[in-house]
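Here is the structure we will look at, set down as structure tokens.
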Amino acid sequence: MPLLEVEDLRTHYFTEAGPVKAADGVSFTLEKGESIGIAGESGCGKTTVAMSLMRLIKGGAVVGGKIMLGDLSLLDMPMKEFLKVRWERISLISQAAMGALNPVYTVGAQIVEAIQIHRKVSKSDAWEQTRGLLAQVKMDPQRAKSFPHELSGGMRQRVMIAMALACDPDIVIADEPTTALDVVTQVQVLRLLIDLQKRLNLSLIYISHELSVLGQACDRIIIMYAGKIVEMGATTEIFTSPQHPYTQKLLSALMDIHSDISIPESIPGKPPDLLNPPEGCRFSPRCTVGQENCGEDAPVLVEVAPNHYVACHRINESK
């Protein structure tokens, strides 16, 4: 049994014009100790999937599907019970640490609070654990007495990582944890996450629009487009043998320092409006290799190689 099983997840945001289908039939699994990445352009549903797992959807709701954490059905649990699961079994490293941290409390006090909500420990023991967590993310434990504004962006992100690890969760979701940082700090935080994931045998869900980052941190990669999974497979397979035209375009957009081409190739157009997504394959309006039925029938994920799945009519019809 996988540690996490997501099946046909459908999450909508409600607007006056109608529901925005931000996640529309998303299914995947996560094993113990595995790291998976979810990639795609902005607005393709990556963060919506993460927030659905944490039951933190604002302005919308999960309208269908199943999320199983072991034998626990997360969507069927009363919120009071789920609050015991959140942070203890599954935790989140958010993108904007400055916005996630309370500016009027020290960072140590905020980690202590997270520990004491879920653990029956004294305040002195919680502070001791907090200092140990900061040391674990390679910060001076004395920084526990600092306020968020007294720390650099990279240090604040390390605090968020420490907080996510505070209750020894089974799964950590890292939602664009390096995007707001400078390049040097990005590398440091990424190396820290990779080291912690391996050393603590964490199951990690890493969300990013940067495939180069996911290539270093993840065992498998899921490519999302317009609320759906279009390709999913081992990281090496995705990078060396991408099958979906969208995946190929994303990889073509990566900067190659060994290439003579100075400007990477961009993808014309933009993702569709998920209030009224196009019929058939949602990438078809931007696809340069589509065929007649692409704009009529929605392709389904098929296995093109062991544990490598693609949703594309060209692939489906060649099977």
Side-chain angles (χ1 to χ4, degrees), residues 33-42 44 46-47 50 91-101 107 111 132-144 146 148-166 169 171-224 234-240 242 247 250-259 261-266:
E34 184 183 27
S35 57
I36 62 172
I38 305 180
E41 294 168 279
S42 296
C44 283
K46 309 183 300 296
T47 294
S91 64
L92 174 70
I93 303 167
S94 65
Q95 177 178 348
M98 191 63 184
L101 293 168
V107 295
I111 298 174
L133 286 164
L134 291 179
Q136 193 171 47
V137 298
K138 303 188 186 319
M139 275 184 70
D140 181 354
Q142 294 304 312
R143 281 296 195 171
S146 298
H149 71 273
E150 296 177 310
L151 302 177
S152 67
M155 293 172 77
R156 287 194 293 267
Q157 204 62 30
R158 289 171 189 265
V159 170
M160 292 303 301
I161 296 171
M163 192 178 294
L165 298 175
I171 299 171
V172 173
I173 301 171
D175 184 13
E176 300 273 15
T178 63
T179 300
L181 307 174
D182 64 82
V183 175
V184 173
T185 309
Q186 280 185 13
V187 172
Q188 293 173 345
V189 172
L190 178 61
R191 286 176 177 171
L192 174 64
L193 281 170
I194 293 171
D195 175 65
L196 289 169
Q197 190 265 329
K198 291 178 179 177
R199 185 152 45 89
L200 302 177
N201 198 31
L202 288 173
S203 296
L204 181 68
I205 300 175
Y206 201 124
I207 294 168
S208 179
H209 63 276
E210 299 181 75
L211 273 171
S212 56
V213 169
L214 299 183
Q216 298 176 66
C218 301
D219 302 312
R220 284 191 296 135
I221 292 178
I222 295 169
I223 304 294
M224 287 191 67
T235 299
T236 52
E237 282 280 307
I238 295 294
F239 273 84
T240 61
T247 308
L250 288 178
L251 289 168
S252 296
L254 291 178
M255 179 67 79
D256 183 355
I257 61 173
H258 301 293
S259 173
I261 301 173
S262 58
I263 301 176
E265 181 184 347
S266 62

Taken in chain and number order and not counting sequence neighbours, the residues that satisfy side-chain contact (heavy atoms from CB on, under 4.5 Å) with V183 are none

Enumerate, atom names and distances included, each donor-acceptor pair closer than 3.5 Å involving a side-chain atom of residues 151-161, sequence neighbours excluded.
| residue | atom | partner | partner atom | Å |
| --- | --- | --- | --- | --- |
| S152 | OG | M155 | N | 3.3 |
| R156 | NH1 | P148 | O | 3.3 |
| R156 | NH1 | L151 | O | 2.6 |
| Q157 | NE2 | S94 | O | 3.0 |
| Q157 | NE2 | P177 | O | 3.3 |
| R158 | NH1 | V137 | O | 2.8 |

Under a 3.5 Å distance rule, please check whether K46 uses its side chain to pair with a backbone N or O of M224 as donor and acceptor. no

Which residues satisfy the side-chain contact (heavy atoms from CB on, under 4.5 Å) test with P169, sequence neighbours excluded? S91, V172

Could you tell me which residues satisfy salt bridge (Lys or Arg N to Asp or Glu O under 4.0 Å) with D195, sequence neighbours excluded, listed by chain and number? R199

Suppose we screen for side-chain contact (heavy atoms from CB on, under 4.5 Å). Which residues come up paired with Q197, at least two apart in sequence or across chains? S35, L202, L204

Among residues at least two apart in sequence or on other chains, which ones pass side-chain hydrogen bond (donor to acceptor under 3.5 Å, both in side chains) with N201? none

side-chain hydrogen bond (donor to acceptor under 3.5 Å, both in side chains) against S203, all qualifying residues, sequence neighbours excluded: none

For E41, side-chain hydrogen bond (donor to acceptor under 3.5 Å, both in side chains) partners two or more places apart: Y246, R286

Which heavy-atom pair separates A162 from L134 by the least distance, and what is that distance? CB-CD2, 4.1 Å

Quick one: closest heavy-atom pair of A39 and L214, and the distance? CB-CD1, 3.5 Å

Please list all pairs passing the side-chain hydrogen bond (donor to acceptor under 3.5 Å, both in side chains) test where one or both residues lie in residues 204-215, with sequence neighbours left out. E176-H209

Sequence neighbours excluded, the answer for side-chain contact (heavy atoms from CB on, under 4.5 Å) partners of T235 is C218, I221, F239

